[in-house]
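These notes are about the structure you will find just below.
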Amino acid sequence: MSEYPPFQYGKPRFNQETFLGRLRHFLDVIDPSTLFVSEKRLQECIKLLDGFKQGTLPPGVTDAELWKAQKIKQAIIHPDTGEKILMPFRMSGFIPFGTPVIVGLLLPNQTMASTIFWQWLNQSHNACVNYSNRNASKPAPFSKFFQGYVGAVTSAVSIAVGLNVLIQKANRLSPTGKLLVQRFVPFPAVASANICNVVLMRHTELSDGIDVIDDSGKVVGTSKLAARHALLETALTRVVMPMPIMVLPPMIMAVLEKLPLLQRQRRLVLPVHSLVCLASFALALPLAISLFPQMSQISVNQLEPEIATATDCKIVTYNKGL
């Protein structure tokens, strides 16, 4: 089978019905090389794809060129708004821009001030990513997203600080035990806050609904039930995502810090810690977002009755967001 199948506009290159197909698709989505695409190259890709839609492609254009053009466009342009996503908030920028924050979250011997700072920075970055990659088929006032952002940051800081206070008051734990447990505090704080972040930043979708489309790409209605499915799927990925990121580095570093080299050269601890966090992040992100396809499908029988009567299709599609 060819590495590049016949091009289909707007369709994923890999089979989205299998986890492996979604994993390969999202490895393309988070490919950081797309961060360096010039404006000229982006416009060339858009022009090429427009030519395919209109049937005016120049002779000799290959399927590989079309798939690469679509990868670049989808990495940079929001599918609903048609606008460019700011570089730090693209999915392709999530790992390079998010890794320094993860390193900060997992630093040992955190003070109350540093805990608050890193949780605030992490949830601020997550909120911007959630907002930038939301389902934007229905307009919503920015004030609602700002309220959601404040709620998400408040929940993250409250959970992290609360857990740290409880650990400090745990008299039964030895100093070494407290330090080890403290290293795992970021996971429940981040996982809980991530759910709050997604729900609060995108809660307007629950009240207003999101567009669902049929096989021909026509919008057949607006569904609050589809919005509920979209947010549930996204929230689940945000719980799974921090598991390797927040759990593996503390375990690995607890072993590595006992090595003679790191015992002698303490200045190497932070660079090694950063590399471990980067590797964990690079592993966790594609695995988590591959749990569900971005363009998810749902039976019309699970949606509002008016949608079932508005189309002959048994299955409709909606943009889950990322």
Side-chain angles (χ1 to χ4, degrees), residues 1 3-31 34 49 66-81 85 90-92 94-95 129-138 194-195 198-199 201-202 205-206 209-241 243 282-303 307 311 313-322:
M1 183 177 176
E3 184 183 356
Y4 291 97
F7 181 73
Q8 292 180 287
Y9 182 82
K11 301 291 184 182
R13 177 177 148 205
F14 304 103
N15 181 9
Q16 296 299 283
E17 294 181 6
T18 67
F19 177 79
L20 182 59
R22 292 194 295 272
L23 179 61
R24 295 181 70 186
H25 169 70
F26 283 116
L27 284 172
D28 262 359
V29 170
I30 67 170
D31 179 1
T34 58
L49 294 170
L66 289 167
W67 283 118
K68 288 175 182 175
Q70 180 162 276
K71 171 183 172 177
I72 289 170
K73 180 184 176 184
Q74 290 180 341
I76 300 172
I77 305 296
H78 192 286
D80 293 332
T81 65
I85 300 172
R90 298 173 193 167
M91 291 309 295
S92 55
F94 202 26
I95 291 175
V129 171
N130 288 337
Y131 178 78
S132 299
N133 295 279
R134 72 199 184 282
N135 182 306
S137 57
K138 295 293 177 185
N194 280 357
I195 296 174
V198 169
V199 174
M201 290 299 294
R202 296 176 54 180
E205 295 174 31
L206 293 173
I210 59 176
D211 287 346
V212 292
I213 59 178
D214 61 16
D215 294 340
S216 62
K218 176 187 173 185
V219 176
V220 295
T222 301
S223 172
K224 295 179 183 178
L225 293 173
R228 190 183 303 171
H229 278 267
L231 260 67
L232 177 61
E233 291 171 351
T234 306
L236 282 173
T237 65
R238 294 299 193 271
V239 173
V240 173
M241 191 186 300
M243 284 182 183
L283 168 71
L285 180 60
L287 289 176
I289 60 177
S290 299
L291 291 175
F292 306 100
Q294 181 176 356
M295 299 304 293
S296 291
Q297 294 186 319
I298 189 170
S299 168
V300 293
N301 295 330
Q302 295 179 258
L303 302 179
I307 292 177
T311 179
C313 293
K314 300 297 182 186
I315 303 290
V316 289
T317 304
Y318 60 91
N319 176 13
K320 172 182 69 69
L322 287 172

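None of these values were measured; they are calculated from a predicted model.
In this structure, Phe14 has no ring pair (Phe, Tyr, Trp, His ring centres under 6.0 Å) partners at least two apart in sequence or on a different chain. Judged as a side-chain contact (heavy atoms from CB on, under 4.5 Å), and not counting sequence neighbours, the contacts of Ser290 are Phe19, Arg22, Leu23, Phe26. By the side-chain hydrogen bond (donor to acceptor under 3.5 Å, both in side chains) test, Ser296 pairs with Glu233, sequence neighbours left out. The side-chain contact (heavy atoms from CB on, under 4.5 Å) test applied to Ser223 returns Val212, Leu225, Ala226, Leu303, Glu304, Ile307, not counting sequence neighbours.
In this structure, Ile298 and Tyr318 have side chains that are in contact, with non-hydrogen atoms separated by less than 4.5 Å. The shortest side-chain heavy-atom distance between Met91 and Ile85 does not fall under the 4.5 Å cut-off. Within the 4.5 Å cutoff, no side-chain heavy atoms of Val220 are placed close to those of Cys313. Side-chain contact between Phe94 and Val29: absent, with no pair of heavy atoms (C-beta onward) separated by less than 4.5 Å.
Phe7 approaches Leu49 most closely through the heavy-atom pair CZ-CD2, 3.6 Å. When all heavy atoms of Ala282 and Ile95 are compared, the closest pair comes out as CA-CD1, 3.6 Å. When all heavy atoms of Ala227 and Gly209 are compared, the closest pair comes out as CB-CA, 4.3 Å. Listed here is the closest heavy atom pair of Pro293 and Lys320: O-CE, 3.2 Å. The shortest heavy-atom contact between His25 and Pro12 is ND1-CB, 3.9 Å.
Ser132 contributes atom OG, which lies 8.0 Å from atom NE2 of His78 (distance to the nearest 0.5 angstrom). In this structure, NZ on Lys224 lies 9.5 Å from CG on Leu206, to the nearest 0.5 angstrom. Atom OG1 in Thr234 sits 12.0 Å away from atom CD1 in Ile195 (nearest 0.5 Å). Distance check: Leu236 CG to Leu291 CG gives 8.0 Å after rounding to the nearest 0.5 Å. In this structure, OG1 in Thr34 is found 6.0 Å from CD1 in Ile76, a value given to the nearest 0.5 Å. To the nearest 0.5 Å, the span separating NE2 on His229 from CD on Glu205 amounts to 14.0 Å.
Among pairs with a residue in residues 286-299, none fulfils salt bridge (charged side-chain N to carboxylate O under 4.0 Å, His left out), at least two apart in sequence or across chains. Applying the side chain to side chain donor-acceptor pair (under 3.5 Å) definition to pairs two or more places apart or across chains, those involving residues 9-19 are Tyr9-Lys73.
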Go through it in stages, so that I can follow the logic: the residues are Phe292 and Leu232, the test is side-chain contact (heavy atoms from CB on, under 4.5 Å), and I'd like the CA-CA distance, side-chain angles, deciding distance and then a yes or no.
CA-CA 11 Å; Phe292 306 100; Leu232 177 61; over 6 Å; no

Report the C-alpha distance between Trp67 and Asp28 in whole Å, list the side-chain angles of each, state the deciding distance to 0.1 Å, and finish with yes or no for side-chain contact (heavy atoms from CB on, under 4.5 Å).
CA-CA 11 Å; Trp67 283 118; Asp28 262 359; over 6 Å; no

Stepwise side-chain contact (heavy atoms from CB on, under 4.5 Å) check, Ile30 with Ser92
CA-CA 4 Å; Ile30 67 170; Ser92 55; 5.5 Å; no

